[in-house]
Amino acid sequence: MSYKDIVDNYEKIFPFSEQKLNFLLERFESVKSCLDIGCGIGNYTHRLSESGIKCTGLDVDEAMLQRAKENYPDDSFIEASMLDFYKHIKTFDAAFCFGNTLAYLNESDLTDFLHKLHKALPENGTWIFQVLNWDYVLTWEKYGFTDVYLTSFLEPNPIKFRRWYENITPESLEFHRQMLEGRCPLTHSTDILYPQTKEKLVEIHKNCGFELEEQYADFAKTEYSTKKDTALVMVFSKK
C-alpha cells in the first residue's frame with residue numbers, strides 16, 4: 001500500500017472536515033492524549049494538538065508522513081503499521097481511525113490490533129473509527145466512487161482521481177486507484193481490502209473487550225442503515 005502518487009493532491013481528494021473534528025472533540029472532552037491511526041498528511045493530528053490534546057499521528061506511508069512532518073514540524077508522527085503502533089507508543093487516552101483504513105486488516109490482524117489497542121487504552125478509553133458501509137457494498141459486484149477532478153473539468157484533458165472496488169466477496173475485494181489525464185491513466189494502484197459487516201465488527205470488538213457506544217451513517221449522526229450507500233461510524237469504549 002502506497003499513496004505516494006496522490007500525496008500532492010491529498011487535500012483535494014480527502015478534504016479536511018470540521019464536522020469530523022468536532023465529532024472527535026465532543027467525545028474527547030476529558031482526553032489528554034490520543035492516537036490518530038492512518039493520519040495521512042496530519043491535518044487531524046495537528047488540529048487536535050492545537051486544541052490542547054497531545055495527539056500522535058501514525059501512518060505506514062513514508063510519503064504521507066514526510067508531508068505531515070513538513071506541514072507540522074512541531075507535532076508528533078510515527079511511521080509504523082497499525083499492528084506495530086505499540087512498539088512506539090505504549091499508552092494514550094483515546095484513538096481514532098478515519099478513511100476506511102481499518103479495512104486493510106483481515107479478521108485475524110484486526111483481532112490482533114484490537115487486543116493491542118485494548119491494552120494501550122485506559123478503562124473506558126474511547127476508540128472511534130470510520131469505514132464504508134460494507135453491508136451495502138457487499139450487495140454489489142463492482143462498486144465505484146465519484147471521480148475527483150484535480151484540474152478544471154472544462155479543460156480538454158482534465159486530471160482526475162478515480163477509485164473503485166471489484167471482485168467483491170465477503171472475504172475480500174480489490175481496491176483500484178487511478179490518476180488520469182483525460183482518458184489516459186497516469187498511475188494505477190491496486191490493494192486488497194477486507195470488508196467486515198457491522199454485525200461482525202461488533203462481534204470482533206466485543207471479543208476483544210470493547211463495548212459499542214454509538215453508531216452512525218456519517219459524522220452528522222445520521223441513523224445508520226445496512227441498505228444505504230453511506231459510511232459507518234462507530235464509537236467503542238474499553239471495558
Side-chain angles (χ1 to χ4, degrees), residues 1-7 10 13-14 20 34-45 56-68 77-89 95-118 120 127-138 140 142-145 148 161-179 187-205 207-208 210 230-236:
M1 176 186 69
S2 174
Y3 285 82
K4 183 178 181 179
D5 56 329
I6 66 168
V7 67
Y10 187 86
I13 298 169
F14 306 109
K20 288 184 180 181
C34 70
L35 183 63
D36 178 358
I37 299 170
C39 67
I41 61 172
N43 290 341
Y44 293 96
T45 302
T56 300
L58 179 93
D59 206 296
V60 73
D61 191 286
E62 181 182 2
M64 290 293 177
L65 261 294
Q66 182 60 37
R67 184 60 53 87
F77 296 101
I78 297 169
E79 184 181 336
S81 72
M82 289 181 275
L83 293 174
D84 290 337
F85 78 84
Y86 70 99
K87 296 178 181 178
H88 306 270
I89 182 168
F96 66 97
C97 181
F98 290 162
N100 213 37
T101 304
L102 210 63
Y104 280 90
L105 300 180
N106 60 32
E107 183 175 344
S108 176
D109 286 342
L110 177 58
T111 300
D112 182 22
F113 163 74
L114 289 174
H115 279 306
K116 292 170 181 173
L117 183 64
H118 189 273
W127 160 232
I128 300 172
F129 66 87
Q130 168 203 13
V131 291
L132 276 189
N133 182 349
W134 292 119
D135 289 271
Y136 177 82
V137 173
L138 287 170
W140 292 82
K142 185 174 180 178
Y143 177 92
F145 296 80
V148 178
F161 176 71
R162 176 172 293 168
R163 50 185 169 148
W164 70 93
Y165 298 151
E166 60 183 53
N167 294 323
I168 299 171
T169 73
E171 289 74 37
S172 66
L173 56 86
E174 294 177 3
F175 174 30
H176 294 264
R177 303 188 307 275
Q178 280 186 337
M179 295 275 284
T187 64
H188 188 153
S189 302
T190 304
D191 294 323
I192 302 299
L193 300 185
Y194 303 94
Q196 305 286 353
T197 65
K198 190 210 76 172
E199 183 179 347
K200 188 65 176 180
L201 285 167
V202 172
E203 176 189 332
I204 295 171
H205 277 77
N207 291 339
C208 293
F210 288 91
T230 66
L232 170 60
V233 178
M234 306 188 87
V235 181
F236 284 89

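Residue numbers count from 1 along this sequence.
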- Does the ring pair (Phe, Tyr, Trp, His ring centres under 6.0 Å) test come out yes or no for Y194 and Y104, once each step is laid out? CA-CA 6 Å; Y194 303 94; Y104 280 90; 8.6 Å; no
- Message: What verdict does the side-chain contact (heavy atoms from CB on, under 4.5 Å) test give for I78 and D59, after you've listed the backbone C-alpha separation in whole Å, the side-chain angles of each residue and the deciding distance to 0.1 Å?
- Response: CA-CA 7 Å; I78 297 169; D59 206 296; over 6 Å; no
- Message: Would I6 and M179 count as a side-chain contact (heavy atoms from CB on, under 4.5 Å) here? Give the steps.
- Response: CA-CA 8 Å; I6 66 168; M179 295 275 284; 4.1 Å; yes
- Query: Run the side-chain contact (heavy atoms from CB on, under 4.5 Å) check on M64 and Y10 step by step: do they pass?
  - Reply: CA-CA 9 Å; M64 290 293 177; Y10 187 86; 3.2 Å; yes
- Message: Does E166 form a side-chain contact (heavy atoms from CB on, under 4.5 Å) with T190? I'd like the steps, not just the answer.
- Response: CA-CA 10 Å; E166 60 183 53; T190 304; over 6 Å; no
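At distances below 3.5 Å, at least one donor-acceptor pair connects side-chain atoms of T111 with backbone N or O atoms of E107. With D135 contributing its side chain and K198 its backbone, the two residues share a donor-acceptor pair below 3.5 Å. Without hydrogens or angle criteria, N106 side chain to D109 main chain gives a donor-acceptor distance under 3.5 Å.
The two residues F96 and C34 make their nearest non-hydrogen contact at CE2-SG, 4.1 Å. When all heavy atoms of C39 and L65 are compared, the pair lying nearest together is SG-CD2, 4.4 Å. The nearest pair of heavy atoms linking M82 to F113 is O-CD1, 3.5 Å. Nearest heavy atoms, P195 versus S172: CD-CA, 3.7 Å. Taking both residues in full, the closest heavy atoms of W134 and Q196 are given as CD1-O, 3.3 Å, listed atom of the first, atom of the second, then distance. Smallest separation of non-hydrogen atoms from L110 and L105: N-CB, 3.9 Å.
Between L138 and I168, the closest side-chain pair of non-hydrogen atoms falls below 4.5 Å. In this structure, the side chains of Q130 and N100 stay at 4.5 Å or more apart for every pair of heavy atoms. Side-chain contact between Y44 and F98 is present, with at least one heavy-atom pair separated by less than 4.5 Å. Proximity of L232 to L201: side-chain heavy atoms (C-beta onward) are separated by under 4.5 Å at one or more points. Between F77 and E79, the closest side-chain pair of non-hydrogen atoms is not below 4.5 Å.
Taking the six-membered ring wherever Trp is involved, the centroid distance between the rings of Y165 and F145 falls below 6.0 Å. You'll find the ring centres of F210 and H118 inside the 6.0 Å limit.
Using bins of under 30°, 30° to 60° and over 60° for the plane-to-plane angle, the ring pair F236/F129 lands in the parallel bin. In this pair, H205 and W127 present their aromatic rings parallel. The plane angle is below 30°, not in the 30 to 60° band.
For the pair K116 and F85, the NZ or CZ position fails the cation-pi test of under 6.0 Å to the six-membered ring centre and within 45 degrees of the ring normal. Both the sub-6.0 Å distance and the 45° axial angle are satisfied by R177 relative to the ring of F175.
Distance NE2/H115 to CD1/I204: 10.0 Å, rounded to 0.5 Å. Put simply, CG on L58 and OG on S81 are 7.5 Å apart, with the number rounded to the nearest 0.5 Å. For the atom pair OG1 of T101 and CG of D61, the computed distance is 11.0 Å after rounding to the nearest 0.5 Å. A distance of 10.5 Å separates CG of L102 from CE of M234, quoted to the nearest 0.5 Å. Note: T56 OG1 to I37 CD1 = 11.0 Å, rounded to the nearest 0.5 Å.
Side-chain contact annotation: D36 with T45, donor-acceptor N/O pair under 3.5 Å present. Counting only N and O atoms by type, the side chains of E174 and H176 include a donor and acceptor under 3.5 Å apart.
Scored by the side-chain hydrogen bond (donor to acceptor under 3.5 Å, both in side chains) test, H88 finds no partners at all (sequence neighbours excluded).
Annotation: W140, atom CH2; neighbour count of heavy atoms from other residues, nucleotides and ligands within 6.0 Å does not exceed 12.
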